[in-house]
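Chain letters run A, B, ... following the sequence lines, proteins first and then strands; every chain starts at 1. The structure presented is a predicted model; accordingly, all values stated were derived computationally and were not measured.
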There are 2 protein chains.
Amino acid sequence: MNIGEAAKASGVSAKMIRYYESIHLIPTAGRTGSGYRVYSATEVQMLRFIRRSRDLGFSVEKIEELLALWRDRTRQSADVKRLATDQIDGLERKVREMQAMIDTLRHLADACCGDHRPDCPILADLGQGTEPGPVGKSIQTAKATAAQLSAFR
Amino acid sequence: MNIGEAAKASGVSAKMIRYYESIHLIPTAGRTGSGYRVYSATEVQMLRFIRRSRDLGFSVEKIEELLALWRDRTRQSADVKRLATDQIDGLERKVREMQAMIDTLRHLADACCGDHRPDCPILADLGQGTEPGPVGKSIQTAKATAAQLSAFR
DNA sequence: CCTTGACCTTACCATGATGGGAAGCACTAT
DNA sequence: ATAGTGCTTCCCATCATGGTAAGGTCAAGG
């Protein structure tokens, strides 16, 4: 099977298949005499495993661990479960951070009449600065930086 | 005021201040005779505006628009509000996607006894593949790819 | 006056996962 | 034989941020 066919069958782009091979997430694919990569059903299954794991938000690093457990017939399901619950925890943390942003934004947006006039509590709040002092003067809900947000994973 | 002091006063790292200048998000800072950047209270206020916007998850691109509206005394508050509600929409979409992942993961984790035995429905599900066919055989809740997730912003 | 330490400057590299494109070779169907 | 599609490798871009290195500057104290 060609890389293109494997891509179609697994839902992983050819580009990413080559990338996964280059970072050794998957073993080096076999080659035809002319240098084309060749994939078997087993390898496509592994690619689907990866694809599904990515769909659940796992990082490549975590997928490496998942694959290792998958291959290991003497694994302990507790180890797999821990990976899953860690993933849940991380996602939930992210959701909470974003929810805090949403709450703040909605609060601000609700206060903005949103018409032709220039007065805007949203800009007023952003411009005010929200000092890190003891008594914040503006709505101070979202504490997470966008940087911190994307930091996870 | 030095870049270090401006960083402390605004909550934006010196590194990022230079970066924001290089991409023209903020105007070119003045310099002392020896080449040190100099910042006034006005510029620090702009940096705080940026910092706060980032805290609310706005991309640099969106912050550019926010800053333009901030400076424009003839702005229409509707334009600001639209930026805010768009941001809310984007965040909510992301939250929904992550919530779907969480739901799927929790479902799987709940089914995993998590002990010393190797049997694990989590790996079984990942390995099974969840074909894109009409009748998915495994739990199929999370439809968003991690790629799509981070694609926003 | 000289040293020390803290701070500034620029320039380059790295991150994580992915896409895009170019140049060149291989395969398939007409 | 030729056209078209698909494969190969290699390089670049993303986005916002941090790290590091080599070198210049400033302020305080001996």
Toward the 5' end of DNA chain D, which comes first, A/Val38 or B/Ser13, by nearest nucleotide?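 Mapping each residue to its closest nucleotide by heavy atoms, the 5'-most match is A/Val38.
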
Between [N] ([atom2]) and [X] ([atom1]): distance, integer Å:
X	N	atom1	atom2	answer
A/Phe58	C/dG16	CZ	P	18 Å
A/Lys15	D/dC11	NZ	P	13 Å
A/Glu21	D/dC7	CD	P	14 Å
B/Lys94	D/dC15	NZ	C1'	11 Å
B/Met16	C/dT15	CE	P	18 Å
B/Glu64	D/dA16	CD	P	10 Å
A/Arg54	C/dG19	CZ	P	10 Å
A/Asp55	C/dA17	CG	P	14 Å

With a cut-off of less than 4.0 Å, is there a side-chain N or O of [X] near OP1 or OP2 of [N]?
X	N	result
A/Ser34	D/dC7	no
A/Arg37	D/dT9	yes
B/Tyr20	D/dT17	yes
B/Arg18	C/dC8	no
A/Asn2	D/dG6	no

Residue met sooner reading DNA chain C from 5', once A/Tyr36 and A/Glu61 are mapped to nucleotides: A/Glu61

Minimum-distance pair of heavy atoms, taken over all atoms of A/Leu25 and A/Leu67: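 Heavy atoms of A/Leu25 and A/Leu67 come nearest at O-CD1, 3.7 Å.
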
I'd like to know if A/Tyr19 reaches the base of C/dG19 with its side chain such that a donor and an acceptor end up less than 3.5 angstrom apart.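 Between C/dG19 and A/Tyr19, which were checked side chain against base, a qualifying N/O pair under 3.5 Å is absent.
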
Between the side chain of B/Ser53 and the main-chain N/O of B/Phe58, is any donor-acceptor distance below 3.5 Å? no

Considering residues, nucleotides and ligands other than A/Glu61, do more than 12 of their heavy atoms fall under 6.0 Å from its CD? no

Do other residues, nucleotides or ligands put more than 12 heavy atoms under 6.0 Å from the CZ atom of A/Arg73?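 Atom CZ in A/Arg73 is not crowded, with 12 or fewer foreign heavy atoms closer than 6.0 Å.
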
Heavy atoms from C-beta onward define the side chain here; which of D/dA16, C/dA17, D/dT9 lies closest to that of A/Arg31? D/dT9

Does A/Arg51 pair with A/Asp55 as a salt bridge, N-O distance under 4.0 Å?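 Between A/Asp55 and A/Arg51 there is a salt bridge, with a charged N closer than 4.0 Å to a carboxylate O.
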
